[in-house]
Amino acid sequence: MSLVLLIEQVLNGLQSGVMLFLMAAGLTLVFGVMGLINLAHGSLYMVGAFAAAATAAATGSFLLALIASLAAAAAAGAVIELAVIRRLYNRDHLDQVLATFALILIFSEGTRWLFGSFPLFLDVPSYLSGAVTLPFGIQYPLYRLTIIGVGLAVAVALFLLVSRTRLGIRIRAGESDREMIAALGVDISRLYTVVFALGAALAGLAGAMVGAIQSVQVGMGEPVLILAFVVIVIGGIGSIKGALVGSLLVGLTDTLGGFLLPQAFGLFMDASSATSIGSALASMLIYILMAGVLIFRPSGLFGRA
Amino acid sequence: MSRETSLNSVIGLGLLLVPLWAYWADEPFIITLSTKVAILALAGVGLNIALGLGGLVSFGHAAFFGIGGYAMGILAAHAQTYVPLMEWPFLIDGTKSMPIIWLVAMVVSALVAVLIGALSLRTSGVYFIMITLAFAQMLYYFAISWPAYGGEDGLSIYLRNSFPGLNTLVPIQFFGICYALLMIVIAFSARLARSPFGLALAAARQNEERVETVGMRPYNLRLAAFVISAAITGLAGALYADLNRFVSPTMFSWHMSGEIMVFIILGGVARLYGPVAGAALYIMLEHFLGPISEYWQIYLGALLLLVVLFARGGLIGTLAGREVAHD
């Protein structure tokens, strides 16, 4: 095992971590502010990816595709918030889970109906394809590096938005006391729609960016949604800082586990069984991490007890 | 008799009469569909003990459904190939006997539920939903990446397992087994709800502090409910795998967890026959809407949305009134 390979895997872990952060940030914001668990967040990720793939196929511009993914996911988010989600804020979590599960069925089958069952492809644009040479002579795809950059930039922007702007003040106020800020004259239902659309846009962006390295297909959102749940449980619900730390932990654990465990088992058993046991265990690693965090901090690393 | 009790008898008898009619009319496919309803309803009755009675919104019951399925698949696969399951420290052979498979499915599901429940019940609310979902997903990925028992392709069993005195390959006889188990479990669940344990569990759902004040630990009550609930869902999983003579990681998928929960909601949360009504409605929708449109799940989604938003209490709640009957 060479150092170069290890650094490459760390970068891959970072890349999947920052994309997870885009998903987890929206989920955790929506939960923190509105107290809502939204399973359909994965569908918004899918909407973003499909909007990007369709736009890229029509115009050939990757930048337009990204803008389309943001716009389509935000619009879809705003529509479902106005039509369905706002009826769920005062319901118990069971109703929220079921209603958003129903939304997943509608989104998935609707997308299948519009685009068919075959995966679409979104190509990395020529100016972002190819590899760059990093220190130590590491060759790394430029596009994945761009993803890491975009993800970190969004994270910084989100921190600034929440801590420095008026919208951010309202979001934080909404988290701690929604009656009070309504009494102070803030239009709380519009605030909720904006927060929901913002979370949706982040999910859509993640879907589009990841869609260019994987295929764009129906059902692509749910595995990421469940990973984002693991992230939130680790980081603590409602905490954006927790979402960032949790995302990076999960991204790195998942990638490095899949890479290192089979090799570690290879030290004391034959290659084929080491690969099978190692990869089976690696697929469970993030859940073991989650269980470990729960034993010591039941409300997550940065959660309020 | 309250309205719900009479409705329950209609549902229970209906599920028995439809396949009997189908047997008379020589429509084996309807019998198979009814068997599927009975098995899925059984899974729902299991989940309802945690969800309806205990208020534990477990979004990971596919874990136990899948464990039940794999218990059947692994035991039957070893029996089919005459390779013992393990030889050391003592010899364990595979088996084709249903009662043994059921027992193994329930015990293994219960043991896994102790682990998952002990961790998940440290939290509540949304955390609990997400964690149970995540644990089920963990088993799903494990089943996919573990090559010994088919991995992603799953396991096929050539012959249905046997039950003493019956020919399980005859659809109506296999239906009889599943229906009898469903009725036994419903009766058990009705008794459980009225037992001191069930009352304490319901109290823990309604007011945790009071239960603590009278000296009981809600955590223990919930863990016990979660384990019982898992064992029943595991039994349903074993039957489901036997119905299809096939088991694959999809039995572990989050979609399965969602479906089991949907049966309960369509029928009515905490209603004794809710899962039966819900599973029957679900299978009928699939059967009648499926041929009309390939995208029938859009309608299912819309219906589910309407039920959650406007018809709380589900099918039984709408037909029998809001009051939950106690008999």
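Letters A, B, ... are given to chains in the order of the sequence lines, protein chains preceding strands, and every chain is numbered from 1. Heavy atoms only: backbone and side chains are in, while hydrogens, waters and symmetry mates are out.
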Quiz item: Contact part of Val230(A) toward chain B, heavy-atom cut-off under 4.5 Å: side chain, backbone, both or neither?
Solution: side chain
Quiz prompt | Engaged part of Phe107(A) at the chain B interface, taking heavy atoms whose separation is under 4.5 Å | solution = neither
Self-check item: Gly52(B) backbone acceptor or donor facing Arg205(B) side chain under 3.5 Å
Solution: yes
Quiz item: With respect to chain A, which residue among Phe142(B), Tyr299(B), Trp254(B), Trp296(B) yields the maximal number of heavy-atom pairs within a distance under 4.5 Å?
Solution: Trp254(B)
Quiz item: Would a 4.5 Å heavy-atom cut-off, applied to side chains only, mark Ile260(B) and Met256(B) as touching?
Solution: yes
Self-check item: Side chain, backbone, both or neither of Leu39(A) within contact of chain B (heavy atoms, under 4.5 Å)
Solution: side chain
Practice problem: Give a yes or no on whether Arg172(A) atom CZ has more than 12 heavy-atom contacts from other residues, nucleotides or ligands under 6.0 Å away. | Solution: yes
Practice problem: Heavy atoms only, distances under 4.5 angstrom: which of Gln137(B), Glu294(B), His255(B) has the most pairs with chain A? Name it, please. | Solution: Gln137(B)
Quiz item: Quick one: does Lys36(B)'s side chain get under 4.5 Å of Glu286(B)'s, heavy atoms only?
Solution: yes
Self-check item: Contacting region of Ile116(B) [heavy-atom separation from chain A under 4.5 Å]
Solution: neither
Quiz prompt | Least distance between heavy atoms, Ala24(A) atom then Ser247(A) atom | solution = CB-OG, 4.2 Å
Practice problem: State, to 0.1 Å, how close Gly292(A) and Phe296(A) come at their nearest heavy-atom pair, and which atoms those are. | Solution: O-CD1, 3.2 Å
Practice problem: Below 4.5 Å from any heavy atom of chain B, which atoms of Met284(A) appear? Answer side chain, backbone, both or neither. | Solution: both
Exercise. Answer with side chain, backbone, both or neither: which region of Ile129(B) has an atom nearer than 4.5 Å to a non-hydrogen atom of chain A?
Key: side chain
Quiz item: Less than 4.5 Å apart, any side-chain heavy atom of Leu88(A) and any of Leu309(B)?
Solution: yes
Quiz item: What part of Leu281(A) lies closer than 4.5 angstrom to a heavy atom of chain B: side chain, backbone, both or neither?
Solution: neither
Exercise. May I ask you to name which of Val57(B), Leu300(B), Val126(B) has the most heavy-atom pairs under 4.5 Å with chain A?
Key: Val126(B)
Quiz item: Between the side chains of Tyr282(B) and His287(B), is a donor N or O closer than 3.5 angstrom to an acceptor N or O?
Solution: no
Quiz item: Among Tyr295(B), Tyr141(B), Trp146(B), which residue forms the greatest number of heavy-atom pairs with chain A at distances under 4.5 Å?
Solution: Tyr295(B)
Quiz prompt | Structural part of Leu285(A) lying under 4.5 Å from a heavy atom of chain B | solution = neither
Quiz prompt | Pair Glu81(A)-Arg87(A), salt bridge (charged side-chain N to carboxylate O under 4.0 Å, His left out): steps then yes or no | solution = CA-CA 9 Å; Glu81(A) 202 276 342; Arg87(A) 293 170 212 277; over 6 Å; no
Quiz item: Using non-hydrogen atoms only, which part of Phe59(B) is less than 4.5 Å away from chain A: side chain, backbone, both, or neither?
Solution: side chain
Quiz prompt | Region of Val262(B) that comes under 4.5 Å of a non-hydrogen atom in chain A | solution = both
